[in-house]
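Each remark here refers to the structure printed beneath this line.
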Amino acid sequence: MNPLNHKFILVFLKEKVVGFASYELNYQDLKQLMIHKVYILPNVQGRGLGKKLFVYLTEIGLKNKQKKLRLKVFHKNDKAIRFYEKNGYVNDGIEKSDIGNNYIVLDYVLTKKLKDEMPASNICL
């Protein structure tokens, strides 16, 4: 059972798992797909797997009538921020999270509005 309603996607390359993502539909009771986690192994980054993964997440959002995609990224993770912005995400604010022992993490909230048409990707991950 998954009490948080997170769904997981594994990314394969030559029959090996090289990444994953987790997401949640209707996050905060809104029509938005929240991307909670995204990870691609560093040694396979730059091969288009992240882009394909985000196209796939977009398709899931559209199929489930979500109005936007949402994610949080650590404010100093410049490489990831550039990737998200290149793929149509915009900064929608800042969120602070206390992760224990009074340690506060500062994240940017990035969103991407979804259009009603489906992309023609034919992606298999």
Side-chain angles (χ1 to χ4, degrees):
M1 175 141 175
N2 184 355
L4 295 176
N5 294 316
H6 292 199
K7 297 185 182 350
F8 291 84
I9 300 167
L10 296 178
V11 179
F12 290 87
L13 181 65
K14 297 182 182 178
E15 299 182 12
K16 288 190 174 188
V17 176
V18 296
F20 72 93
S22 72
Y23 68 93
E24 178 182 354
L25 297 171
N26 302 310
Y27 180 69
Q28 297 179 333
D29 291 323
L30 299 171
K31 290 289 187 181
Q32 59 184 345
L33 183 150
M34 175 65 178
I35 302 165
H36 288 288
K37 304 280 185 214
V38 174
Y39 185 76
I40 302 290
L41 287 172
N43 63 320
V44 297
Q45 291 177 6
R47 297 184 188 193
L49 297 172
K51 183 164 179 63
K52 288 180 182 179
L53 179 57
F54 274 81
V55 169
Y56 188 68
L57 287 163
T58 299
E59 290 175 351
I60 292 169
L62 289 167
K63 286 179 185 175
N64 288 279
K65 299 182 178 18
Q66 305 296 282
K67 298 295 181 190
K68 68 180 173 179
L69 302 175
R70 182 181 198 268
L71 60 85
K72 295 189 306 186
V73 60
F74 183 61
H75 75 285
K76 291 185 179 180
N77 190 343
D78 294 330
K79 183 177 179 183
I81 293 166
R82 282 192 306 274
F83 172 83
Y84 299 135
E85 289 175 342
K86 182 179 174 185
N87 286 282
Y89 288 77
V90 296
N91 191 325
D92 207 8
I94 297 173
E95 191 171 295
K96 295 178 184 177
S97 301
D98 185 342
I99 61 171
N101 295 327
N102 286 332
Y103 187 76
I104 305 297
V105 173
L106 185 64
D107 290 319
Y108 292 138
V109 176
L110 302 180
T111 60
K112 180 179 180 180
K113 291 183 181 176
L114 294 177
K115 300 189 177 20
D116 291 332
E117 70 275 359
M118 288 291 296
S121 68
N122 296 322
I123 290 179
C124 294
L125 292 176

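Along the sequence shown, residues are numbered consecutively beginning with 1.
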Under 4.5 Å between side-chain heavy atoms, hopping through other hydrophobics if needed: is there a path connecting [X] to [Y]?
X	Y	answer
Val109	Leu106	no
Leu110	Val105	no
Val90	Val55	no

Rounded to the nearest 0.5 Å, what separation is found between the [atom1] atom of [X] and the [atom2] atom of [Y]?
X	Y	atom1	atom2	value
Lys51	Ile40	NZ	CD1	13.5 Å
Lys67	Leu62	NZ	CG	9.5 Å
Asp78	His75	CG	NE2	9.5 Å
Met34	Gln32	CE	CD	8.0 Å
Ile35	Leu53	CD1	CG	8.0 Å
Leu114	Lys65	CG	NZ	12.5 Å

For the student: nearest non-hydrogen atoms of [X] and [Y], plus distance:
X	Y	answer
Ile81	Phe74	CD1-O, 3.9 Å
Val73	Ala80	CG2-CB, 3.9 Å
Gly88	Lys112	O-CG, 3.7 Å

Output a table of donor-acceptor pairs, distance under 3.5 Å, between side-chain atoms of residues 11-31 and any protein atom two or more places apart or on a different chain; print 'none' if there are none.
| residue | atom | partner | partner atom | Å |
| --- | --- | --- | --- | --- |
| Ser22 | OG | Lys37 | N | 3.4 |
| Glu24 | OE1 | His36 | NE2 | 2.8 |
| Asn26 | OD1 | Gln66 | NE2 | 3.0 |

Is there side-chain contact between [X] and [Y], with at least one heavy-atom pair below 4.5 Å?
X	Y	result
Leu71	Val38	no
Leu33	Ile60	yes
Asp92	Lys68	yes

Taking Asp98 for the side chain and Ile104 for the main chain, is one N or O donor matched with an acceptor at less than 3.5 Å? no

Would the Phe83 and Phe54 ring centres measure less than 6.0 Å apart? yes

